[in-house]
Number of protein chains: 2
Amino acid sequence: MPQSEKRPYDPDAPVDPRVETLVNELIGRVADKWTLLVLEELEEHGTCRFTRLAQLVPGISQKMLTQTLRAMERDGLVHRTVHPVIPPKVEYRLTELGQSLGEAFCGVWHWAEAHLREVEAARTAFDTRG
Amino acid sequence: MPQSEKRPYDPDAPVDPRVETLVNELIGRVADKWTLLVLEELEEHGTCRFTRLAQLVPGISQKMLTQTLRAMERDGLVHRTVHPVIPPKVEYRLTELGQSLGEAFCGVWHWAEAHLREVEAARTAFDTRG
DNA sequence: TGCTTATACTCTCCAAAAGAAAGTAGGCAC
DNA sequence: GTGCCTACTTTCTTTTGGAGAGTATAAGCA
């Protein structure tokens with residue numbers, strides 16, 4: 001795995017602007033509401049079929065689930081297994097890359113759980129002021 | 001700060017479904033492209049004015065910058081200081097809550113940097129196959 | 001006097017994206 | 001034949017996002 005080469009992340013290292021651009025793009029791509037929620041469910045439940053994911057992710061439409069899964073598959077985050085049977089059976093599971101992204105997002109889920117009340121309080125205060 | 005009470009995060013604990021819903025909503029809120037990029041710049045550069053942020057965040061429109069900052073302010077992530085002068089001067093800086101979210105997202109930025117190449121390779125492979 | 005500049009928005013219009021709901025394929029049970 | 005099953009796909013409507021012009025205000029300048 002030569003993708004890190006000799007940079008084990010130094011936060012003060014000067015970053016190649018091209019890399020920064022690409023990272024920003026990638027952040028924009030994975031920092032998507034549906035991507036995150038699908039990632040969460042696949043991480044929690046393991047291999048899932050389409051319909052099960054649609055039930056697990058609250059409020060997602062079939063169209064967006066299809067689009068999100070395709071994009072995640074293209075980015076190498078999920079693996080799609082088609083069983084050629086009738087009725088169709090398609091299974092989705094996280095790749096190693098997807099799992100590593102899930103772990104990277106762990107901190108955000110913890111944050112959301114830990115600071116939910118603070119955010120709610122801030123919203124109430126803001127709406128009262130405004 | 002009684003928001004964690006007696007639960008220092010146990011990943012296997014049964015989660016109150018209402019909490020899960022709220023966490024999902026909150027994730028959907030902060031897992032937004034512009035929120036993340038603004039957070040990143042404010043974390044890196046500290047206090048910033050509107051126009052500077054517009055320059056720092058690549059490709060954001062004024063409308064989206066205003067909306068994003070308002071939403072972040074409402075959620076208690078940024079503090080907005082208005083200096084009543086002409087021409088106007090408004091400064092934005094992360095609150096402690098915003099900083100903690102920035103730290104939580106650190107793992108994602110590291111992930112993006114570390115796995116950029118893998119994602120690019122996966123995309124190329126996907127596009128070639130398909 | 002009137003023109004320019006500066007800043008942080010705000011508004012309007014149009015294109016793009018998302019959501020809702022119906023349609024499709026194709027074998028199987030009835 | 002009718003309907004069911006699943007994983008989409010298509011169509012239509014609503015919402016959102018982006019581009020660009022407009023607004024308010026006072027100081028600086030000719």
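Hydrogens, waters and symmetry mates play no part in the numbers below; they use all other heavy atoms, side chains included. As the structure is a prediction and not an experimental result, all values here were calculated from the model. Below, read A as the first sequence line, B as the second, and so on, with proteins coming before strands; counting in each chain starts at 1.
- Regarding contacts with the backbone of C/dT7, every side-chain N or O of B/Tyr92 stays at 4.0 angstrom or more from both OP1 and OP2.
- With a 4.5 Å cut-off on side-chain heavy atoms, B/Asp75 and B/Met72 do not count as touching.
- Contact check for A/Asn24 versus B/Val57: no side-chain heavy atoms found under the 4.5 Å cut-off.
- What separates CZ of A/Arg49 from P of D/dC5 is a distance of 12 Å, to the nearest Å.
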| field | nucleotides 12-25 of chain C: protein proximity per nucleotide (B base, S sugar-phosphate only, - neither; heavy atom, under 4.0 Å) | value | ------BBB-B---
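- Computed from coordinates, the A/Glu73 CD to D/dA7 C1' distance equals 14 Å when rounded to whole Å.
- Look at CD1 on A/Ile86: it is 12 Å from P on D/dT6, rounded to the nearest Å.
- Here the closest non-hydrogen pair linking A/Phe50 and A/Leu65 is O-CD2, 3.6 Å.
- For C/dA6, neither phosphate oxygen OP1 nor OP2 lies less than 4.0 angstrom from any side-chain nitrogen or oxygen of B/Arg52.
- Using a 4.5 Å heavy-atom threshold, the side chains of B/Arg70 and B/Glu73 count as touching.
- Taking atom NZ of A/Lys89 as the reference point, atom P of C/dC28 lies 17 Å away to the nearest angstrom.
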| request: Just do the side chain to side chain contact (heavy atoms under 4.5 Å, CB included) check on B/Glu25 and B/Thr21 with the steps written out, would you? | output: CA-CA 6 Å; B/Glu25 277 177 23; B/Thr21 302; 4.0 Å; yes
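- Contact between the side-chain N/O atoms of A/Arg70 and the OP1/OP2 oxygens of D/dC8 is found at a separation under 4.0 Å.
- Between the CD atom of B/Glu91 and the P atom of C/dC9 there is a distance of 12 Å, rounded to whole Å.
- Side-chain contact annotation: B/Arg93 with B/Thr81, donor-acceptor N/O pair under 3.5 Å absent.
- An OP1 or OP2 oxygen of C/dT7 is reached within less than 4.0 angstrom by no side-chain nitrogen or oxygen of B/Thr51.
- When the options A/Arg52, A/Arg80, A/His79 are evaluated for a side-chain hydrogen bond (donor to acceptor under 3.5 Å, both in side chains) with A/Tyr92, the one that passes is A/Arg80.
- Counting to the nearest Å, the C1' atom of C/dA8 and the CG atom of B/Leu69 are 11 Å from each other.
- In this structure, B/Phe50 atom CZ and C/dA6 atom P are separated by 17 Å, rounded to whole Å.
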